[in-house]
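Computed from heavy atoms alone, side chains included, the values below leave out hydrogens, waters and symmetry copies.
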Amino acid sequence: LDQDDYILGKISDIIHNLFGVYGEDFVQVFDKLTEYFVAMLAPDRPSLEHQWAICVFDDLIDYAPISAPKYQQHFLEPLAHYLSDTSPGVRQAAAYGVGALANKFPGESSPYAEFCKNCIPR
């Protein structure tokens with residue numbers, strides 16, 4: 001890994017820990033950082049940027065599910081798209097995010113039920 005990738009991984013780790021400790025209370029800080037992670041999800045960015053950005057949104061879903069719907073316009077399409085990425089790390093992060101949505105928003109009446117069903121290969 002080059003230094004940029006290492007730093008992105010560490011930033012992702014820090015955000016993971018902040019979400020883990022503060023949960024919904026961290027969202028007001030995350031809100032100021034969102035644009036950077038959204039930019040990392042662009043198709044022309046490197047795979048490791050995709051992976052780390054998806055991991056950050058996965059943490060949002062896991063640790064701040066009440067606030068997650070506010071950000072769905074940023075993470076839903078990338079989660080579905082990157083499920084079939086050539087990078088195993090990106091695919092795993094995307095699959096984890098879909099699973100986190102199914103876990104945090106269970107049932108047929110969930111706003112994410114159809115999305116999660118559509119992500120399952122047939």
Original post:
Taking only residues two or more places apart in sequence, or in another chain, which ones meet Glu108 in a salt bridge (Lys or Arg N to Asp or Glu O under 4.0 Å)?
Top reply: Lys117
Original post:
Are Ile11 and Val56 side-chain neighbours, meaning at least one heavy-atom pair lies under 4.5 Å?
Top reply: no
Original post:
Which pairs pass ring-ring contact (aromatic ring centres under 6.0 Å, His included) with one or both residues in residues 77-100, sequence neighbours excluded?
Top reply: His50-Tyr82
Subject >> Glu35 vs Val38, side-chain contact (heavy atoms from CB on, under 4.5 Å): CA-CA, chis, key distance, verdict >> reply: CA-CA 5 Å; Glu35 68 182 282; Val38 170; 5.6 Å; no
Original post:
Does Leu76 share a hydrophobic cluster with Ile66, counting links as ILVMFWY side-chain heavy atoms below 4.5 Å and allowing steps through other members?
Top reply: no
Subject >> Phe75 and Ile61: CA distance, side-chain angles, deciding distance, side-chain contact (heavy atoms from CB on, under 4.5 Å) verdict >> reply: CA-CA 10 Å; Phe75 65 74; Ile61 295 163; 3.9 Å; yes
Subject >> Asp5 versus Trp52, closest heavy-atom pair with distance >> reply: O-NE1, 3.8 Å
Subject >> Non-hydrogen atoms of Asp85 and Ser87 that approach each other most closely >> reply: OD2-N, 2.9 Å
**OP:** Please confirm whether the backbone N or O of Ser84 pairs with a side-chain atom of Arg91, one donor and one acceptor, at under 3.5 Å?
**Re:** no
Subject >> Greater than 12 external heavy atoms within 6.0 Å of Tyr22's OH >> reply: no
**OP:** Kindly compute the distance separating CG (Asp4) from CD1 (Ile7), expressed to the nearest 0.5 Å.
**Re:** 6.0 Å
Subject >> Separation between CD1 of Ile54 and CG of Leu60, rounded to the nearest 0.5 Å >> reply: 13.5 Å
Subject >> Exam field: side chain Lys104 to backbone Asp62, donor-acceptor pair closer than 3.5 Å >> reply: yes
Original post:
Any chance CD of Gln73 has more than 12 other-residue heavy atoms, nucleotides or ligands included, within less than 6.0 Å?
Top reply: yes
Original post:
Hey, any chance Ile120 and Tyr112 share a hydrophobic cluster, counting ILVMFWY side chains that come within less than 4.5 Å of each other, even indirectly?
Top reply: no
Original post:
For Glu114, does its backbone N or O pair with a side-chain atom of Asn118 as donor and acceptor, under 3.5 Å?
Top reply: yes
Original post:
Angle class for the Phe19/Phe26 ring planes (parallel below 30°, perpendicular above 60°, tilted otherwise)?
Top reply: perpendicular
Original post:
What are the two closest heavy atoms between Leu79 and Ala93, and how far apart are they?
Top reply: CD2-O, 4.5 Å
Original post:
Can you name the salt bridge (Lys or Arg N to Asp or Glu O under 4.0 Å) partners of Lys70, sequence neighbours left out?
Top reply: Asp31
Original post:
Hey, would you say the Tyr63 and His16 ring centroids sit under 6.0 Å apart?
Top reply: yes
Subject >> Over all atoms of both residues, closest heavy-atom pair of Asp58 and Gly97 >> reply: OD1-CA, 3.0 Å
Subject >> Taking every non-hydrogen atom, the tightest pair across Leu83 and Cys119 >> reply: CD1-CB, 3.6 Å
Original post:
Hey, what's the ring geometry for Phe57 with Phe30, parallel, tilted or perpendicular (30° and 60° as the breaks)?
Top reply: perpendicular
**OP:** Might you point out which heavy atoms bring Leu41 and Ala53 nearest each other, and give the distance in Å?
**Re:** CD2-CB, 3.7 Å
**OP:** Mind checking the OH-CD spacing from Tyr36 to Glu49? Nearest 0.5 Å is all I need.
**Re:** 14.0 Å
Original post:
Under a 4.5 Å cut-off applied to non-hydrogen side-chain atoms, are Leu8 and Met40 in contact?
Top reply: yes
